[in-house]
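As structure tokens, the structure follows; a few thoughts come after it.
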Number of protein chains: 2
Amino acid sequence: MARLPVYLRILSEQAELEVECISSDRLAELCGANAAKVRKDLSYLGSYGTRGVGYEVAYLVYQIRRELGLTHDWPVVIVGAGHLGQALAGYGGFGERGFPVAGVVDIDPAKVGSVLGGVRVRHIDELAQIVQARRVNIGVIATPTSAAQEAAERLVAVGVTSILNFAPVVLSVPRSIEVRKVDLAVELQILSYHEQRKATTGGLRSVGGAAGQRSASA
Amino acid sequence: MARLPVYLRILSEQAELEVECISSDRLAELCGANAAKVRKDLSYLGSYGTRGVGYEVAYLVYQIRRELGLTHDWPVVIVGAGHLGQALAGYGGFGERGFPVAGVVDIDPAKVGSVLGGVRVRHIDELAQIVQARRVNIGVIATPTSAAQEAAERLVAVGVTSILNFAPVVLSVPRSIEVRKVDLAVELQILSYHEQRKATTGGLRSVGGAAGQRSASA
DNA sequence: AGGCACTCGTGCACACGTTCACAAAGCCCA
DNA sequence: TGGGCTTTGTGAACGTGTGCACGAGTGCCT
């Protein structure tokens, strides 16, 4: 399920607050969801809570990390050293969460050699070397739209099996490759859609608590 | 539906290639989906294709833009001038797609005054002024996690009704505010999950054509 | 020890989204 | 004009995911 990462983040935060035990009710509240859904998700995971008490936070964190394959780091390689590539490399949040940046590559020789967030930009011809040396399985495409398909093919050719794609194109890759897409323009257009609906229906609006934060999934 | 933006992009591309008419089959192929799904989505939209021929691209583009509220620009304001905020402001793809950056604000006086992608960074106290002057309805949160909630509250206070949130937190806002979340770490963790499954099942992999690119929705 | 309050796990019904299959409708050509 | 080919639009089946409700197990207090 795509909700496990969310649970993991919430639970990690709770762990830092030294909360040892948490109920499905509370957990549901913290991630804006239904208590039954939380319980069902966690039961699918197979891990057990204790009735009458709740879930042991530390144990649950361990189980989810295990299920998500986060027991070890997954180095990633970023293709494209433009604005977005720079931002991603410099973000720093990746390394902390188990996804160290093994390298940043670009096809433009003028960009090679500059340093982003402690990582030197290398030429895309070195991609195979980087991937093999660090056993990289995950590639991030941060190139312009026109270069995304070629970037994907190069990543696949050197053995990358999962791709996070920021370019607004549908990549053509073998079925065995897992691709996830983040399209910022699409997100904005969805917001625009809701704005437009608010404007045209012109009705009054209910003001309530916080719940339901649409996010990426499926 | 969250798929309309995808259709719009594909159709716009086809329009530039001077394709005047397109069938649901072809359209489905281009966006990696099912033909029946495409037809149902478009019929929900109410717009009509012609049987035996297909859909008129230009008309469909107009209809979708209309449905999504893209008949006029939606200026956005970016809160947070860190790496991500810089990348977003400098991206340029926003303006082209109808979301010009009305302003970038940050709470750090040291960052105020620098120029990102043609937009000068201003102090967050000027937020209200920017929003009212440019009639901004959409805010983008590109702050660190710890500042995201405050950023959201400030945006809501000055009248922003839609928020695109890049910080990995569930924002607490009134129900009337539309929030969409993009969490890069979650995306990577989902990829990690699939990598881990590949590794443990250890089975052989089918190699097929391109179809099915998971993306943000719901 | 017994009762009570609490919370997990889960069967079941419901709603939604997806897919199939087919009739209606349009175009082209003889 | 009529028949055949193509493609839309949509009703119906299917599968999935969601939410409710309740039994079962646990801890606490008397």
Side-chain angles (χ1 to χ4, degrees), chain A residues 1-7 10-11 14 19-64 67 170 186 190 193 208-209 211-218, chain B residues 1-7 10-11 14 19-64 67 186 190 193 209 211-218:
Chain A
M1 301 287 184
R3 282 186 297 268
L4 286 180
V6 179
Y7 297 147
I10 303 279
L11 287 167
Q14 293 300 307
V19 176
E20 293 186 356
C21 202
I22 192 168
S23 72
S24 60
D25 240 326
R26 175 86 178 118
L27 188 48
E29 183 190 341
L30 288 173
C31 57
N34 184 297
K37 194 192 297 187
V38 171
R39 287 202 298 274
K40 193 153 281 189
D41 288 344
L42 296 182
S43 77
Y44 159 84
L45 211 152
S47 89
Y48 294 163
T50 43
R51 306 179 179 209
V53 180
Y55 297 90
E56 193 192 337
V57 174
Y59 182 62
L60 210 48
V61 165
Y62 169 75
Q63 284 293 337
I64 296 180
E67 178 74 10
V170 179
V186 166
I190 293 172
Y193 167 75
Q213 218 110 130
R214 338 286 171 275
S215 178
S217 72
Chain B
M1 301 286 187
R3 281 186 299 269
L4 285 181
V6 180
Y7 298 147
I10 303 280
L11 288 168
Q14 293 299 309
V19 175
E20 293 186 357
C21 202
I22 192 169
S23 72
S24 60
D25 240 327
R26 175 87 179 116
L27 188 48
E29 184 190 340
L30 287 173
C31 60
N34 185 298
K37 195 193 295 187
V38 171
R39 287 202 298 274
K40 191 150 280 191
D41 287 346
L42 297 183
S43 77
Y44 159 82
L45 209 153
S47 91
Y48 293 163
T50 45
R51 303 178 183 212
V53 179
Y55 297 89
E56 193 192 336
V57 174
Y59 182 63
L60 210 49
V61 166
Y62 170 74
Q63 284 293 337
I64 296 180
E67 178 74 10
V186 166
I190 293 172
Y193 167 76
Q213 218 110 134
R214 340 283 172 276
S215 178
S217 72

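Side-chain atoms are counted along with the backbone in the values below, which use heavy atoms only and exclude waters and symmetry mates.
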Have a look at A/R3 and say if it touches a base, only the backbone sugar-phosphate, or nothing, with a 4.0 Å heavy-atom cut-off. sugar-phosphate
In 5'-to-3' order, the base (B), backbone-only (S) or no-contact (-) status of each nucleotide in nucleotides 6-12 of chain D, using a 4.0 angstrom heavy-atom cut-off, is BBBBBBB
Counting just side-chain N and O atoms, does A/N34 come under 4.0 Å of either OP1 or OP2 of D/dC20? yes
What's the CE-C1' distance between A/M1 and D/dT18, to the nearest Å? 10 Å
A/D41 CG to D/dG19 P, straight-line distance once rounded to whole Å: 10 Å
How close or far is atom P of C/dT10 from atom CG of A/L45, stated in whole angstroms? 13 Å
Output for pair (B/M1 CE, B/L42 CG), nearest 0.5 Å, gives 10.5 Å
Sequence neighbours excluded, the answer for side-chain hydrogen bond (donor to acceptor under 3.5 Å, both in side chains) partners of A/R3 is A/D41
List for me each residue that meets side-chain hydrogen bond (donor to acceptor under 3.5 Å, both in side chains) alongside A/Y59, sequence neighbours excluded, and say none if there are none. A/Q63
Pairwise distance CG(A/D25) to CZ(A/R39) - rounded to 0.5 angstrom: 7.5 Å
Rounded to whole angstrom units, what separation is found between the OH atom of A/Y44 and the P atom of D/dT18? 13 Å
Using side-chain heavy atoms (C-beta onward) and a distance below 4.5 Å, is A/Y55 in contact with A/L27? no
If you round to the nearest 0.5 Å, how far is CD of A/E29 from CD1 of A/I10? 10.5 Å
